[in-house]
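Below: one structure, written as structure tokens.
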Amino acid sequence: MAKFQFNSARQFAHSASRFALGTALVAAFAAPAFAQDAAPAEDEEDAIVVSGFRASLENAVNEKKNNDQIVESVSAEDIGKLPDASIGESIARLPGVTSQRLNGRSNNISIRGFGPDFSQTLLNGREQTSTGDNRAVEFDQYPSEIVSQVVVFKSPTASLVGQGLVGTIDIRTVRPLDYGKSVLAVGARGTYADLGALNAGSKKYGYRANATFIDQFADDTIGIALSASYVDEPYQLQEFNAWGYAGAGTAASPAVIGGSKSYVTSTQLKRLGLNGTLQYQASDTVRMTLDGFYSNFEDDQSKRGIELPLGFGAFGTTFNPATATVNNGFVTAGTFNNVQGVVRNDIFQRKANLYSFGYNVEYEGGDGWKAFIDLGYSKTDRNELSIESYSGTGFGEPLGATDTISFVSGPSGTSFDPTLDYSNPALIRLTDPLGWGGGVVPQAGYYNNRIVEDELKQYRVGVEKEVEGFFSAIKFGMNYTDRGKSLTPDEFLVRLRGGALELAIPTNALLRPTNLSYLGLGPIVSYDARDLIADGTLVLDRNLSPDIPAKAFRVTEDLMTAYLQADIEQEMGSGTLTGNIGVQAIHTDQESSGTVFAGGVARSVRSGANYWDILPSLNLSMRFDSDFVIRFAASRQIQRPRLDDLRVAVSYGINNNAADSPTGLAPFIDGSGGNPQLRPYRANAFDLNFEKYFGQSGVISLQLFHKDVKSYIDRTRFPFDFAGYPLPTGLPPATLIGRLESSFNTGGGKLYGGELAVTLPFSNFSSALDGFGITGGVGYTKTKVKDAQGNVDQIPGYSKWVANGTAYFEKWGFNARGSVRYRSTFLGDFTGFGGSPTRRTALAEMIVDGQIGYDFQEGSALQGLSLYLQGQNLTDERFASVGASRNQVIDYQIYGRRFLAGFTYKF
């Protein structure tokens with residue numbers, strides 16, 4: 001179990017950012033820094049007490065300086081208060097780290113140019129299950145109020161179990177015996193989304209409340225820490241989305257928007273988080289710690305908009321070329337005729353329960369021997385329900401009124417000028433406007449419930465002996481991890497009551513129209529599809545397609561890890577050499593089970609693999625008396641494959657095109673699915689750091705890194721032997737050697753770059769500037785990883801440039817800071833409505849936040865009270881993705897600004 005001391009302030013963000021960005025923020029709008037009492041030494045009554053954000057930075061600098069690994073960290077400024085509103089935002093301000101926003105929230109973390117699937121997240125040193133489909137932790141599941149410290153390890157040690165390819169994030173909660181005093185802290189805040197309540201039933205105001213209690217009993221041999229947090233907050237989104245673009249993008253064939261599926265989305269996030277720690281100092285040599293964490297998470301979204309078939313010419317739509325305005329092979333304006341729009345009233349609801357427990361016994365003898373036993377358990381149960389509901393002017397292409405729509409396309413997507421009134425319930429009816437159900441029986445929507453269960457058990461033992469000489473300690477340990485994750489799809493076609501082709505929307509179900517004026521489309525009819533299912537207007541008809549069981553998976557992993565590590569401490573001239581050298585051996589036994597369904601026949605299949613990974617590691621730090629530190633790290637690193645990539649189930653059918661056949665014969669079997677034989681991503685990594693420290697809380701560091709990727713995972717099509725699989729319907733295949741689209745291990749490539757970071761209190765220059773300072777940095781990463789065809793592949797989450805900075809002032813109880821974070825273009829993960837991930841090129845973005853606050857000082861009648869005001873996304877930065885060229889906008893999402901005001905009171 002990872003151990004730490006909870007001090008009066010811990011590490012916050014040397015957020016990677018350019019100096020110019022950081023210094024430009026001095027006058028920015030700002031939010032709270034909660035002062036944490038930093039107890040002066042008993043014999044130093046006149047000592048200067050540094051608290052709040054400055055103390056958090058000071059602890060971060062000390063953690064970085066004293067650790068033998070390459071780390072970044074952030075800690076709470078006070079009990080239950082990270083420097084930002086969420087864990088994700090705080091982590092995203094660290095050097096070389098950034099985030100992708102989900103509905104305006106920093107939810108997924110990328111380290112050194114790799115997406116969230118390439119790093120590992122721990123809670124108090126233990127691996128955790130996730131509310132997502134894969135390994136990547138979604139940071140929404142952990143309330144920021146329960147966190148005392150987050151450490152990002154950029155270089156591994158042999159004793160770090162559960163490490164990732166590019167980094168390991170360890171979320172840590174308070175240890176009551178280390179905290180050493182009694183405290184009761186309560187807090188609350190209100191939130192306001194300036195986009196307003198966009199959908200009927202949604203809100204623009206929300207709130208969050210939290211409480212923490214810490215105490216010690218029985219002569220400080222028993223310690224208890226209890227935390228509770230409840231969140232009920234809205235998030236609003238105005239979105240443009242394009243199907244894609246028709247045409248070649250040339251003067252002869254200009255690109256024009258192919259279709260649009262744009263929504264107004266209102267999200268209500270509710271989360272109850274409970275955390276408890278009980279510690280018992282059984283003797284001078286034995287300490288026991290019991291941890292428990294529970295999270296009840298509900299994300300309820302209403303998505304309302306219009307889907308329009310346009311430039312692809314589908315469903316009878318025609319384009320009037322005489323109205324076209326063309327600029328450099330791109331149609332910037334024009335008119336479509338005979339458009340049959342689909343009014344969408346969709347629901348996306350995710351509910352999750354996460355349980356995590358840990359028990360640790362530590363022995364520390366006076367003879368240099370140390371040992372521990374650590375048990376961990378984590379479980380997540382998740383239901384992810386999406387309901388699509390369609391309405392329009394009539395059933396099928398020829399039966400309803402059509403629209404003539406003029407449009408203008410530009411850098412923020414496309415705006416429209418229709419002639420129909422989509423808010424008229426006499427015109428818009430429940431039906432299948434485009435005949436998606438086959439043109440005979442209407443499909444008035446789709447119901448998709450994804451049931452995910454994730455369970456992980458971890459058992460670990462370790463022994464350490466302090467020795468004299470070049471090596472200061474020898475460590476040995478073993479760890480066993482047993483994990484199982486399953487996905488069960490439960491899908492239905494939505495029909496109309498009594499087999500009707502069309503039905504009027506019940507008057508009592510109609511809600512306030514949703515306004516799409518930001519797209520020029522005006523208001524649309526609105527209703528809640530769940531109400532129409534409940535009253536029988538909409539009927540569920542189970543989908544029996546063989547594609548459904550192919551989505552399901554059950555993956556199990558048994559990991560046995562053993563490690564041996566030697567710590568180094570040796571005086572060398574004017575400095576000291578510290579570090580460690582070791583090796584970790586991991587045996588993996590992975591297995592996947594699922595269903596193959598073809599030709600009306602279902603067959604259960606099971607497959608897997610066994611393999612070893614040997615991971616040597618070296619961390620060296622040369623510490624000079626001048627507070628200059630040079631670090632070198634070398635290691636073998638791995639990241640296990642995505643869990644959905646390991647699924648064994650496949651779906652397939654007959655392909656009659658001989659040009660697609662791997663054997664040149666047709667007809668042949670063509671399918672897609674997972675690959676339970678996958679091995680991990682693997683890389684040899686090297687780091688070189690130069691760090692100069694100033695006083696207690698200043699540092700300038702240059703970090704250089706290089707990763708030689710030996711094994712990468714790419715999705716492609718390859719020959720596959722379907723012998724033993726049920727034959728699909730259609731013509732008998734000419735051969736059983738068909739084609740399968742799946743993920744498999746490829747050759748690797750290289751990833752290299754550098755990070756320049758600074759944390760600098762201005763009091764180092766002049767006492768007149770005491771209280772002012774900056775922290776931030778900039779990171780550059782270059783990648784040359786190859787895909788299955790030998791071409792350079794774009795790594796998910798990869799941004800060439802990542803930068804952020806914070807300028808702050810904190811003194812006399814007043815605190816203010818402004819922050820900015822920037823990332824260049826990257827391959828972002830976008831979730832399809834059925835829950836499957838889709839990746840597109842996301843444009844560069846810059847997020848500006850601000851905070852101000854006041855802490856009532858000692859002697860005041862309100863001592864212990866802190867007030868604060870925060871502003872998030874102050875420049876209303878969009879989140880956008882594009883297709884083949886910059887003007888082909890696929891997504892353009894506006895989240896608006898958010899303002900938060902609140903207090904904490906510490907007894």
Side-chain angles (χ1 to χ4, degrees), residues 115 117-118 133-136 450 485-487 489 545-557 588 590-598 602-611 638-655 657 659-663 667-682 709 711-728 733 735-749 785-791 793-796 827 829 832 834-839:
D117 290 326
F118 298 91
D133 283 355
N134 290 287
R135 306 178 193 279
R450 307 172 75 247
K485 189 159 190 170
S486 65
L487 166 64
S545 167
D547 292 337
I548 307 305
K551 297 178 182 179
F553 66 80
R554 167 73 181 172
V555 175
T556 61
E557 290 180 330
T588 300
Q590 65 191 33
E591 184 177 80
S592 176
S593 58
T595 302
V596 174
F597 191 98
R603 183 169 71 88
S604 296
V605 291
R606 185 184 301 268
S607 183
N610 294 271
Y611 54 87
I638 66 167
Q639 178 71 39
R640 294 191 295 278
R642 289 171 55 101
L643 289 164
D644 57 356
D645 282 344
L646 289 172
R647 71 187 190 277
V648 69
V650 297
S651 62
Y652 53 90
I654 291 294
N655 187 330
N657 187 359
D660 294 337
S661 173
T663 63
F668 71 98
I669 304 175
D670 199 2
S672 65
N675 181 3
Q677 304 290 329
L678 276 177
R679 301 308 197 258
Y681 300 88
R682 296 181 173 119
V709 181
S711 176
Y712 190 66
I713 296 176
D714 183 51
R715 190 165 184 86
T716 190
R717 294 184 175 94
F718 59 96
F720 185 80
D721 188 354
F722 284 90
Y725 285 76
L727 292 180
T735 172
L736 293 179
I737 303 299
R739 184 177 67 171
L740 183 69
E741 181 182 359
S742 184
S743 298
F744 78 107
N745 295 98
T746 73
V785 177
K786 295 182 179 180
D787 61 16
Q789 285 73 40
N791 302 315
D793 192 30
Q794 187 176 3
I795 299 174
L827 191 64
D829 285 326
S836 57
T838 300
R839 285 174 171 159

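From a predicted model like this one, the values you see are computed outputs, not experimental measurements. No hydrogens, no waters, no symmetry mates; every other heavy atom, side chains included, goes into these values.
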Which atoms form the tightest heavy-atom contact between [X] and [Y], and what is the distance?
X	Y	result
Asn745	Pro680	ND2-O, 3.6 Å
Asp721	Ala723	OD1-N, 2.9 Å
Val648	Ser592	N-OG, 2.8 Å
Pro662	Pro719	CB-CG, 3.8 Å
Leu678	Ser743	CD2-O, 3.5 Å

query: Can the positive tip of Arg682 be found less than 6.0 Å from the middle of the six-membered ring of Tyr611, inside 45° of the ring normal?
result: yes
Distance check, rounded to the nearest 0.5 Å: [X] atom [atom1] versus [Y] atom [atom2]?
X	Y	atom1	atom2	value
Ile713	Asp645	CD1	CG	6.5 Å
Glu591	Thr556	CD	OG1	5.0 Å
Arg647	Ser486	CZ	OG	14.0 Å
Phe118	Arg640	CZ	CZ	14.5 Å
Glu741	Asp670	CD	CG	8.5 Å

Do [X] and [Y] touch side chain to side chain, with heavy atoms closer than 4.5 Å?
X	Y	value
Val605	Thr595	no
Leu727	Leu736	yes
Gln590	Val555	no
Gln639	Asp117	no

- prompt: Side chain of Arg679, backbone of Gln677: donor and acceptor closer than 3.5 Å?
  reply: yes
message: Looking only at side-chain N and O atoms, does Asp714 offer a donor or acceptor that is under 3.5 Å from a partner on Thr746?
response: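 No donor-acceptor contact under 3.5 Å links the two side chains.
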query: With a 3.5 Å cut-off and no angle check, do the side chains of Thr588 and Glu557 form a donor-acceptor pair?
result: no
- prompt: Which of parallel (below 30°), tilted (30 to 60°) and perpendicular (above 60°) describes Phe744 and Phe718?
  reply: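 Tilted.
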- prompt: In this structure, which one of Ile654, Val650, Asn655 forms a side chain to side chain contact (heavy atoms under 4.5 Å, CB included) with Tyr652?
  reply: Val650
- prompt: Which one of Ser607, Ser742, Pro641 satisfies the side chain to side chain contact (heavy atoms under 4.5 Å, CB included) criterion with Pro676?
  reply: Ser607
Residue list, side chain to side chain contact (heavy atoms under 4.5 Å, CB included) with Ser661, at least two apart or on another chain: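 Only Thr663, Phe668 meet the side chain to side chain contact (heavy atoms under 4.5 Å, CB included) criterion with Ser661.
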field: Check against side-chain contact (heavy atoms from CB on, under 4.5 Å), Leu646 and Phe553
entry: CA-CA 8 Å; Leu646 289 172; Phe553 66 80; over 6 Å; no
